[in-house]
Amino acid sequence: QVQLVESGGGLVQPGGSLRLSCAASGIITSVFNSNAMAWYRQVPEKQRELVASITKSGTANYADSVKGRFTVSRDNAKKKAYLQMNSLKPEDTAVYYCNHLNYPTSWGQGTQVTVSS
């Protein structure tokens with residue numbers, strides 16, 4: 001069973017930075033390495049939003065709202081994905097989740113990001 005554990009969230013002031021981590025377990029490394037990963041975020045009573053993705057080869061895509069501010073990366077050997085978030089805005093406040101882009105599995109608990117002064 002694939003398990004996804006997000007971490008790194010917290011309270012940060014506008015303009016600050018956070019780095020989120022996603023650790024995958026219960027999956028063969030070669031399988032993890034062959035699939036795109038993605039970061040999503042969700043606020044109460046809103047649809048889960050795709051904010052960033054990264055292919056097996058490292059090609060990244062971003063939602064317009066985060067372009068130029070967020071950077072997604074991955075470490076295949078460690079079966080981890082990361083989301084570096086800079087120049088954070090209050091609008092970025094949400095619970096952030098990771099998952100496989102094309103073959104999503106069970107959602108983790110997510111990690112709360114709160115941007116407020």
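These numbers were taken from a predicted model, which means no experiment stands behind them.
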Practice problem: Mind listing the closest non-hydrogen atom pair of L101 and A38 along with its distance? | Solution: CD1-CB, 3.8 Å
Quiz item: Is there a donor-acceptor pair closer than 3.5 Å between any side-chain N or O of T111 and the backbone N or O of Y96?
Solution: no
Exercise. Could you tell me which non-hydrogen atom of L4 sits nearest to which non-hydrogen atom of A24, and how far apart they are?
Key: CD2-CB, 3.8 Å
Self-check item: hydrophobic_cluster_shared for Y82 and L88, side chain cutoff 4.5 Å
Solution: no
Quiz prompt | Minimum heavy-atom distance between Q112 and A94, given as atom pair plus value | solution = NE2-O, 3.4 Å
Quiz prompt | Pairs flagged by salt bridge (Lys or Arg N to Asp or Glu O under 4.0 Å) wherever residues 91-111 is involved - sequence neighbours left out | solution = R41-D92, R69-D92
Quiz item: Hey, does the side chain of N99 reach the backbone of T105 with a donor-acceptor pair shorter than 3.5 angstrom?
Solution: yes
Exercise. Please say which of W39, F70, Y97 ends up in a side chain to side chain contact (heavy atoms under 4.5 Å, CB included) with L20.
Key: W39
Quiz item: Which pair of non-hydrogen atoms, one from Q109 and one from E6, has the smallest distance, and what is that distance?
Solution: NE2-O, 2.7 Å
Exercise. Please assess Q84 against S17 for the test side-chain contact (heavy atoms from CB on, under 4.5 Å), listing each intermediate value before the final yes or no.
Key: CA-CA 7 Å; Q84 178 68 46; S17 298; 4.0 Å; yes
Quiz item: At what distance, to the nearest 0.5 angstrom, does CD of Q3 lie from OG of S106?
Solution: 7.0 Å
Quiz item: ring pair (Phe, Tyr, Trp, His ring centres under 6.0 Å) with Y40: which residues, sequence neighbours excluded?
Solution: W107
Practice problem: Give, for atom SG of C98 and atom NZ of K80, the distance between the pair rounded to the nearest 0.5 Å. | Solution: 11.5 Å
Exercise. Report the C-alpha distance between V12 and M85 in whole Å, list the side-chain angles of each, state the deciding distance to 0.1 Å, and finish with yes or no for side-chain contact (heavy atoms from CB on, under 4.5 Å).
Key: CA-CA 11 Å; V12 65; M85 306 186 297; over 6 Å; no
Practice problem: Please round to the nearest 0.5 Å and tell me the distance separating atom CG of D75 and atom SG of C22. | Solution: 12.0 Å
Quiz item: For M37 and A81, which heavy atoms make the closest approach, and how far apart are they?
Solution: CB-CB, 4.4 Å
Quiz item: If every non-hydrogen atom of S53 is compared with every non-hydrogen atom of V72, which pair is closest and at what distance?
Solution: O-CG1, 3.4 Å
Practice problem: Scan for salt bridge (Lys or Arg N to Asp or Glu O under 4.0 Å) pairs involving residues 106-116, sequence neighbours excluded, and state none if there are none. | Solution: none
Exercise. Applying side chain to side chain donor-acceptor pair (under 3.5 Å), run through T55 and S57 and close with a yes or a no.
Key: CA-CA 5 Å; T55 69; S57 60; 3.2 Å; yes
Self-check item: With Y62, the side chain to side chain contact (heavy atoms under 4.5 Å, CB included) member among L50, I54, T71
Solution: T71
